[in-house]
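Read through the structure below, which is laid out as structure tokens, and then see the notes.
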Amino acid sequence: MKRSLSILIVLIFMSLLSGCILSKTPKTDTIDIQLGKQVTFSVNVFPSNATYTWTLDGTPLMYVFGKSYVYTSTGGNHKLVVKAKQSLGTDTQTWNITCDPIVGLLNSLVSISGGTFMMGSTDNEYSWAKYTTPVHEVTVPSFEIGAYEITQAQYTAIMGINPSYYQEGHGYSGTENYPVENLTWYEAREFCTALSVQTGRTFDLPSEAQWEYACRAGTTTLYSFGDADELLATYGWYYANSNDATHPVGTKLPNPWGLYDMHGNVWEWALDSWHFNYDGAPTDGSAWDPDTGPYRMIRGGSFFSDHAGSCRSAARGVLYPPSYANRGLGFRIVEIP
């Protein structure tokens, strides 16, 4: 009791000297936030009868009057300041917010333990069994894969350009955390090469086997969340819920291995050449003829897929030349050990 009273007396004395006592969360002055993620900034003041003013990069934040503020990272470097004012005086606290999209990308890689799975599907609801059979056993070594599709901010940071349709030039804004799209297989691989040079690590597109193994995440159902098309809207963006546009990565539920947007948002380029079916496909997880043939593989479905089945774990996009690009085509990366 005496110790609590002593602390209170000290706090009151300090408040008389400084105007108010203000602690903050997060406690550090500089914080790195992954693009598109939310962080709550808050302060505690003694005495508590304070009014608060929040500014971001010198601009007052309208309609933010309380002692906390939920910030969504938009990339780049920013300064967030809060002033707490009450009868005894004013105190100020500052956070320097940083967001390096490439640091965020590297930190979001997910380690996938190697294993054996059955690749393909005999499901013929959409007359696709001819493309996804024969179902065959594949053993995939361990690898790392992006938890998210590559974003516009990440692509721009490496390549210096943004080929996406869904950006400011077409009436959209704040799309840094949307998947990059409207790029060819060649351009996706050029990004992987440039990222490898910049980081001293080795990146590439996933093989079809790596992609499906990661998408299934140990499941054998039509989707990583089960067989019900009705649940797709909880896990992915497709024609029925997308309003004919892409959406920020990671805004739907992940699959069991923590990977987002494996069902929908944008189709994703894979490393393999197109083959009509799996007759003669590799069984070691490697890409099938990655640099030959007139077509390349895409996986995962997209926001404008004509039916939910396009987003199923085994679904394969057909006959896409590596020089082809459209607003529903993006990619994610794997790291090569």
Side-chain angles (χ1 to χ4, degrees), residues 34-36 101-112 140 142-159 162-164 166 176-196 199 201-217 224 235-237 246-272 285 287 290 296-303 305 310-311 313 315-317 320 322 325 327-337:
Q34 187 176 331
L35 187 69
I102 302 307
V103 171
L105 170 59
L106 299 178
N107 288 341
S108 70
L109 294 174
V110 176
S111 296
I112 305 296
V140 180
S142 299
F143 63 100
E144 292 200 344
I145 189 169
Y148 311 97
E149 295 159 333
I150 295 298
T151 66
Q152 295 181 27
Q154 291 163 351
Y155 190 87
T156 303
I158 293 295
M159 305 304 292
N162 182 4
S164 302
Y166 294 100
E176 295 91 346
N177 204 37
Y178 285 57
V180 67
E181 24 80 13
N182 197 35
L183 79 172
T184 68
W185 182 86
Y186 294 120
E187 289 169 328
R189 292 204 74 191
E190 286 170 0
F191 173 91
C192 295
T193 298
L195 178 64
S196 300
T199 61
R201 297 155 66 170
T202 305
F203 298 95
D204 210 334
L205 300 177
S207 69
E208 265 205 279
Q210 287 175 320
W211 192 97
E212 186 169 326
Y213 179 67
C215 178
R216 288 186 176 279
S224 65
Y235 290 84
W237 297 104
T246 58
H247 291 264
V249 301
T251 53
K252 293 293 186 177
L253 293 180
N255 77 359
W257 287 352
L259 306 180
Y260 295 82
D261 299 302
M262 297 298 283
H263 307 291
N265 214 2
V266 291
W267 284 98
E268 300 176 17
W269 285 113
L271 190 56
D272 307 56
R296 297 295 185 273
M297 288 309 312
I298 60 174
R299 300 298 299 258
S302 78
F303 67 92
S305 293
S310 300
C311 302
S313 298
R316 308 170 78 209
Y320 283 87
R327 62 194 177 99
L329 265 174
F331 70 106
R332 75 179 69 219
I333 62 170
V334 294
E335 183 169 9
I336 310 300

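Excluded from the calculations below are hydrogen atoms, water molecules and symmetry mates; all remaining heavy atoms, backbone and side chain alike, are included. Predicted model only: the values in this text are computed from it and were never measured. Starting from 1, each residue takes its place in the sequence as its number.
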By side-chain hydrogen bond (donor to acceptor under 3.5 Å, both in side chains), which residues pair with [X], not counting sequence neighbours?
{"X": "T251", "value": "W237"}
{"X": "S313", "value": "none"}
{"X": "Y155", "value": "none"}
{"X": "S111", "value": "E144"}

So which atom in [X] and which in [Y] form the shortest heavy-atom distance, rounded to 0.1 Å?
{"X": "S224", "Y": "C215", "value": "CB-O, 3.2 Å"}
{"X": "V110", "Y": "A147", "value": "CG2-CB, 3.7 Å"}
{"X": "I145", "Y": "I112", "value": "CG2-CG1, 3.8 Å"}
{"X": "G146", "Y": "L259", "value": "O-CD2, 3.9 Å"}
{"X": "C192", "Y": "L205", "value": "SG-N, 3.8 Å"}
{"X": "I298", "Y": "L329", "value": "CG2-CD2, 3.3 Å"}

With sequence neighbours excluded, residues passing side-chain contact (heavy atoms from CB on, under 4.5 Å) with [X]:
{"X": "E268", "result": "E149, W211, R332"}
{"X": "P254", "result": "Y260"}
{"X": "N162", "result": "Q152, T156, S164, Q167, V180"}
{"X": "L253", "result": "T234, Y235"}

Under 4.5 Å between any side-chain heavy atoms of L183 and F331, yes or no? yes

[X] side, atom [atom1]; [Y] side, atom [atom2] - distance, nearest 0.5 Å:
{"X": "I102", "Y": "L195", "atom1": "CD1", "atom2": "CG", "value": "6.0 Å"}
{"X": "L271", "Y": "R296", "atom1": "CG", "atom2": "CZ", "value": "8.5 Å"}
{"X": "L105", "Y": "I158", "atom1": "CG", "atom2": "CD1", "value": "8.0 Å"}

Could you tell me whether a side-chain N or O of [X] sits under 3.5 Å from a main-chain N or O of [Y], the two making a donor and an acceptor?
{"X": "D261", "Y": "Y148", "result": "no"}
{"X": "S196", "Y": "F203", "result": "yes"}
{"X": "N265", "Y": "G330", "result": "no"}

Could you walk me through whether E176 and T151 satisfy the side chain to side chain contact (heavy atoms under 4.5 Å, CB included) test, starting with their C-alpha distance in whole Å, then the side-chain angles of each, then the deciding distance to 0.1 Å, before giving a yes or no?
CA-CA 7 Å; E176 295 91 346; T151 66; over 6 Å; no

Y213 meets the ring pair (Phe, Tyr, Trp, His ring centres under 6.0 Å) criterion, sequence neighbours left out, with F117, W257

Residue set satisfying ring pair (Phe, Tyr, Trp, His ring centres under 6.0 Å) with Y166, at least two apart, ordered chain then number -> Y172, F303

Subject >> Y320 and W267 aromatic ring geometry - parallel, tilted or perpendicular at 30°/60° bounds >> reply: tilted

In short, salt bridge (charged side-chain N to carboxylate O under 4.0 Å, His left out) pairs touching residues 201-214 with sequence neighbours left out are R189-D204, R201-E335, E208-R299, E208-R316, E212-R216, E212-R299

